[in-house]
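To start, the structure itself, in structure tokens.
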Amino acid sequence: MSSKTSILLIYTGGTIGMMQDAATGHLKPFNFESLTEQIPELKKFNIKLSSVSFEHPIDSSNMHPRIWVKLAEMIEKNYAKYDGFVILHGSDTMAFTASALSFMLENLAKPVILTGSQLPIGIIRTDGKENLITAIEIASAKYKNGKSLVPEVAVYFEYELHRGNRTLKYNSKHFDAFKSPNYPRLAEAGVDIKYNFNEIQKPGKGKLIVHKKLDNDIAVLKLFPGISKKITESILNTKGIKAVLLETFGAGNACTDEWFTELLAKTIKRGVIILNITQCLEGRVIQGMYETSSHLKKIGVISGADMTYEAAITKLMFLLGQNFSSQKIKSLLQKNLRGELSE
Ligand code: ASP
């Protein structure tokens with residue numbers, strides 16, 4: 001085996017590689033070769049850098065679980081050959097992809113770093129160059145014994161490295177677009193890259209297992225004061241749903257109207273899993289802390305603790321995709337599988 005560190009760059013699309021369409025003025029993805037031409041610095045790395053591109057790069061708003069499977073398969077196919085992976089991805093749904101991949105790639109022992117940009121790489125003030133160059137540097141960073149420094153799925157954006165399944169896009173116009181409000185940064189890039197070693201996941205011990213079955217029969221019920229029975233009923237009674245993500249107030253609270261509790265209880269009796277996460281970006285669900293959440297606990301709503309919306313959705317897709325009993329799914333939802341929640 002060559003001693004040179006090898007990194008596979010996977011280009012999926014996103015602003016980083018977009019150009020303005022002369023006719024419409026819209027930003028559209030363009031081909032990957034043009035992207036590498038824009039960053040001659042890439043040739044200066046003392047690593048073996050290979051790249052593969054989606055045949056049709058996408059704006060990440062068109063991301064789909066079937067594309068996550070494709071990405072996971074690309075990593076699986078190249079896992080033995082490379083020391084790390086950098087995924088160039090649109091920022092809009094990057095946190096979903098990072099969360100999904102974290103669940104799909106069990107026993108991961110190599111870095112999978114997602115990055116992108118707010119301005120296309122061809123624009124002088126682009127944030128894409130720094131993001132890409134540092135993401136590659138992080139993906140290639142190793143201990144003296146050859147083990148990766150960041151053996152997990154992470155998002156690198158504007159000098160910060162975050163755990164993928166703790167990340168959310170919180171700003172659509174600043175370069176500093178991502179946060180992981182409930183988990184410390186994994187690293188910060190300045191003159192040096194400062195790693196937060198205590199917070200980085202340990203590498204997986206067994207062989208990499210790639211989970212490719214995801215089930216998206218999930219509904220989301222985001223509460224607001226005055227939500228009607230009619231709307232709540234129609235969401236909960238959606239044909240074929242297996243889980244409902246309930247977005248509640250504060251520490252996991254909801255109204256205590258009898259109709260509301262009864263509707264939820266009936267849905268759970270039908271075998272649908274209801275997972276409670278908070279609408280607050282920071283903090284956690286503590287069912288039973290207030291009277292306005294103890295009714296949820298009583299009827300069997302599952303607490304999503306401090307999971308992000310992105311992590312909760314993709315964890316549900318992942319667990320529903322396995323052939324697990326409802327009991328097992330409920331129990332795993334409350335367990336920390338990939339660093340996505342604090343138990
Ligand atoms: N709409 C773009 C995307 O997510 C935005 C970006 O890349 O930042 O693909």
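No hydrogens, no waters, no symmetry mates; every other heavy atom, side chains included, goes into these values. Positions are given from 1, in the same order as the sequence printed here. Both counts, for ligands and for their atoms, begin at 1 and track the order of listing.
- The contact set between ligand 1 and Thr15, taken as ligand atoms under 4.0 Å from a residue heavy atom, comprises 2 (C), 5 (C), 6 (C), 7 (O), 8 (O).
- Lys169 and Ser91 are linked by a side-chain donor-acceptor pair at a separation below 3.5 angstrom, with hydrogens and angles left out of the test.
- Considering backbone and side-chain atoms alike, Lys169 places every N or O at 3.5 Å or more from each N or O of ligand 1.
- If you number the atoms of ligand 1 from 1 as listed, the ones under 4.0 Å from a heavy atom of Gly14 come out as 7 (O), 9 (O).
- The closest side-chain donor-acceptor pair between Asn165 and Ser99, if any, does not fall under 3.5 angstrom.
- Using a 4.5 Å heavy-atom cutoff, the side chains of Asn182 and Glu282 are in contact.
- Separating the CG atom in Leu337 from the CZ atom in Phe103 is a distance of 6.5 Å, to the nearest 0.5 Å.
- Scanning all protein heavy atoms for the shortest distance to atom 8 (O) of ligand 1 gives Ser91 OG, 2.3 Å.
- Residue Arg66 qualifies as open at atom CZ: its count of foreign heavy atoms under 6.0 Å is 12 or below.
- Among the candidates Arg338, Lys202, Arg163, the single residue satisfying the side-chain hydrogen bond (donor to acceptor under 3.5 Å, both in side chains) test with Glu152 is Arg163.
- With distances taken over non-hydrogen atoms, the option nearest atom 3 (C) of ligand 1 out of Asp59, Thr93, Ile16 is Asp59.
- Closest to atom 9 (O) of ligand 1, if we only count protein heavy atoms, is Ser60 N, 2.7 Å.
- If you number the atoms of ligand 1 from 1 as listed, the ones under 4.0 Å from a heavy atom of Ser117 come out as 6 (C), 7 (O), 8 (O).
- Checked against a 3.5 angstrom limit, the closest N/O atoms of Ser61 and ligand 1 fall outside it.
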